[in-house]
Amino acid sequence: MFLFKQITNDNKFNQSITLNYGWKQIVLLYIVVSALRILFAVSGGIDLDPEESQYWLWSKHLDWSYYSKPPLIAYINGFTSSIFGSYTWTVKLNAVIIGSIIGLTTYYIVEQLYRSKKMAFFVSSGLLILPAYHYISMFFTTDVLVSFFWLLTCYFFWMATQKNSLTFWILTGLSIGIGFLAKYSLLFFIPFSFIYLLFKRKELLKQQGYYISILIATIFFTPVLIWNINHDMVGVFHISNLSGIGRKFISLNKSIIYLLEFFGGQLLLNLPFLFLFFYWKKYKIGSYLKGGFEQFIIFLITFVFITFTCISLIKRVQINWLIFSYIPFYIILLKAILKSGILLNKVVKKYIAFSSILLLLLLLQPVFETFTPHFSKLIPAKIDPFGKLVDWKGLANFVDVEINNKCDGKDYIILSDKYQIASQLTFYSTGHPKTYCLPYSGRRMNQFDIWGIPYTEIKEKQVVLIKTSPLEFDADINSLIEQSSIIYSTKYNILYKEKLVKSYYIYLLNKMPQLSNSTEIFTSF
């Protein structure tokens, strides 16, 4: 806590001390953190998250867009895998690098805004005690990409409003436009930016800079829009479904449950800041959030939070959906915390130490499971999120060995009712074979439906169907399969911390399921 004491001492805040908070120090810090994360990934403690494997699979079918997301993540995966190959650590390398870039960008922005290397160093390094930051920098999903471009957009837009510089308006347009290619979440910034200018800087709406930025963003988004037009606007319908547009009103009880889940999830995600509720008034935290940039970010996070609160009244909002908007908010909160002197409070010190240790214990669960299994049971398998990220490689190897023996070495098709399983089996199976997702009325559309299944080419081949529930308990799929076509069935159990966390039911069929209107459902790959 010596470093916090130095920076929070108002009388000495601007005086030089022996410690250096320059670029070399912050870069070295993130190099060390990145090295540890890469070592963690290489050690094989966890496998890819199903979303990570899905985005990797997209990179093998490069396109202008995809069913649920724009294409940037696929192209980045394609670039890194072409250099290093397709391994778990090479996919996660992308998240590690971009996560570190977010940390370094945070340093640059804080140093530019507040003209203090010490403040920049502590705000940037402060990200390392926050669960949301570790999530985006450990898992290569679209969250890390959109978080980076959201951060850039906030900074460039703010500078554009302060200087009315064409350069910053162009940079704003570029960051929004490229961010669009990462995730549709950047769309939130468009209405907010107009509302903000309307109430705060109305004169800028009469000049060309803002509209140039919107034009640039639109140009970047055009390929995604064209792709959607050519694919019956499936991306638009997907986003509409996620936002609850067109949904029927749900019961009041369910709305309350969804709302409480939403608030609880965001509180859990930001647990290290919980002490602010108790010391806000005593340390006058609000007085350090009255600057122009701070108010701008507060308006923005409020806009996003209210939007998702409204969505949570009609559907369940996932805990990670707001992460993209948090980094700028963390900047102003950490700045206020450090300036207020609250970190000199002994209770706050202990709380931060406790929450940091808790976060570290959670992050290192797979390591504990490998080397100290008894200690790892401190966090039960049922609530440990890493329980969903283990032994996908084992499942793929089991299918390779077990089914090859049953098929006498003949080719077979891997099929699943879930895109997550199909994606993971493609990534972890020997040779990365093509897998397919069974189309049926009991599931929502996904990217596999866009690609389709070359039914005429594979309908005579044997099929390995992998499910998360027994076939007899799934009426929709069971009705598509002739019982006489089932050659063999087995089950693969996944254990984590000596507990059963998942079972996969595997069926070998002598032919593809016969679906009604199969000529419409199955299309060319």
Side-chain angles (χ1 to χ4, degrees), residues 64-65 68-73 109 142-229 233-246 292-293 295-311 317 321-329:
W64 283 10
S65 191
S68 60
K69 302 290 190 304
L72 183 59
I73 195 167
I109 290 174
T142 52
D143 288 322
V144 66
L145 292 173
V146 73
S147 295
F148 173 60
F149 287 107
W150 185 268
L151 175 63
L152 287 182
T153 298
C154 289
Y155 174 66
F156 291 145
F157 179 80
W158 171 253
M159 296 302 293
T161 61
Q162 299 306 295
K163 299 179 178 295
N164 195 20
S165 163
L166 182 59
T167 299
F168 279 112
W169 284 121
I170 291 174
L171 290 173
T172 300
L174 289 172
S175 59
I176 295 176
I178 300 174
F180 275 156
L181 300 180
K183 195 172 182 178
Y184 295 115
S185 301
L186 259 295
L187 287 169
F188 284 110
F189 200 87
I190 300 298
F192 166 80
S193 63
F194 182 81
I195 294 172
Y196 180 82
L197 292 179
L198 185 63
F199 285 95
K200 292 290 186 177
R201 298 296 303 274
K202 186 180 294 186
E203 70 277 7
L204 295 178
L205 291 174
K206 300 177 182 179
Q207 301 179 34
Q208 63 180 4
Y210 175 67
Y211 302 101
I212 289 175
S213 69
I214 299 300
L215 176 61
I216 293 172
T218 303
I219 291 172
F220 273 87
F221 190 65
T222 299
V224 177
L225 182 59
I226 292 174
W227 183 92
N228 270 276
I229 292 173
M233 303 300 286
V234 293
V236 175
F237 288 124
H238 172 71
I239 296 301
S240 298
N241 179 63
L242 289 181
S243 62
I245 295 176
F293 179 73
Q295 290 296 299
F296 162 65
I297 296 300
I298 289 173
F299 291 154
L300 178 55
I301 193 69
T302 301
F303 175 82
V304 174
F305 199 87
I306 290 175
T307 301
F308 279 99
T309 298
C310 294
I311 294 174
V317 172
W321 285 6
L322 262 74
I323 284 181
F324 73 91
S325 63
Y326 277 145
I327 301 298
F329 187 54

With Q207 via side-chain hydrogen bond (donor to acceptor under 3.5 Å, both in side chains) - residues at least two apart: N164
Heavy-atom pair with the smallest gap, counting every atom of N228 and V236: OD1-N, 3.4 Å
Minimal non-hydrogen separation, F303 against I195, with atom names: CE1-CD1, 4.2 Å
Can you confirm whether [X] sits close enough to [Y] that some side-chain heavy atom of one is under 4.5 Å from a side-chain heavy atom of the other?
| X | Y | result |
| --- | --- | --- |
| P328 | L300 | no |
| F180 | L225 | no |
| K200 | F299 | yes |
| V304 | F329 | no |
| V234 | W227 | yes |

Chi angles and distances behind the side chain to side chain contact (heavy atoms under 4.5 Å, CB included) call for F324, L145: CA-CA 8 Å; F324 73 91; L145 292 173; over 6 Å; no
All pairs passing salt bridge (charged side-chain N to carboxylate O under 4.0 Å, His left out) where residues 148-168 contributes a residue, at least two apart: none
Listed once per pair and sorted, the salt bridge (charged side-chain N to carboxylate O under 4.0 Å, His left out) pairs that draw on residues 174-198, sequence neighbours left out: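 Checked against salt bridge (charged side-chain N to carboxylate O under 4.0 Å, His left out) - neighbours excluded - the pairs reaching residues 174-198 are D143-K183.
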How far does [atom1] of [X] sit from [atom2] of [Y], to the nearest 0.5 angstrom?
| X | Y | atom1 | atom2 | answer |
| --- | --- | --- | --- | --- |
| S193 | F188 | OG | CZ | 13.5 Å |
| S185 | I323 | OG | CD1 | 11.0 Å |
| L186 | L152 | CG | CG | 10.0 Å |
| T302 | I297 | OG1 | CD1 | 10.5 Å |
| I212 | W169 | CD1 | CH2 | 10.0 Å |
| I109 | L151 | CD1 | CG | 4.0 Å |

More than 12 heavy atoms of other groups within 6.0 Å of W64 CH2: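 It does not: W64 CH2 has 12 such atoms or fewer within range.
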Aromatic plane relationship, F296 with F189 - under 30° parallel, 30 to 60° tilted, over 60° perpendicular: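 If you compare the ring of F189 with that of F296, the planes turn out perpendicular.
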Contacts of F220 that satisfy ring-ring contact (aromatic ring centres under 6.0 Å, His included) - sequence neighbours left out: none
Set of ring-ring contact (aromatic ring centres under 6.0 Å, His included) partners for F237, sequence neighbours left out: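 Per chain and number, F237 pairs via ring-ring contact (aromatic ring centres under 6.0 Å, His included) with no residue.
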Please output the side-chain donor-acceptor pairs of residues 171-178 that fall under 3.5 Å, not counting sequence neighbours, one pair per line with the distance.
| unit_1 | atom_1 | unit_2 | atom_2 | d |
| --- | --- | --- | --- | --- |
| T172 | OG1 | F156 | O | 3.3 |
| T172 | OG1 | F157 | N | 3.3 |
| T172 | OG1 | F168 | O | 2.7 |
| S175 | OG | T153 | OG1 | 3.0 |
| S175 | OG | L171 | O | 3.1 |
| S175 | OG | T172 | O | 2.9 |

Tell me, please, which residues at least two apart from [X] pass side-chain contact (heavy atoms from CB on, under 4.5 Å).
| X | answer |
| --- | --- |
| P70 | Y184, V224 |
| L205 | F194, L197, L198, Y210, Y211 |
| Q162 | W158, R201 |

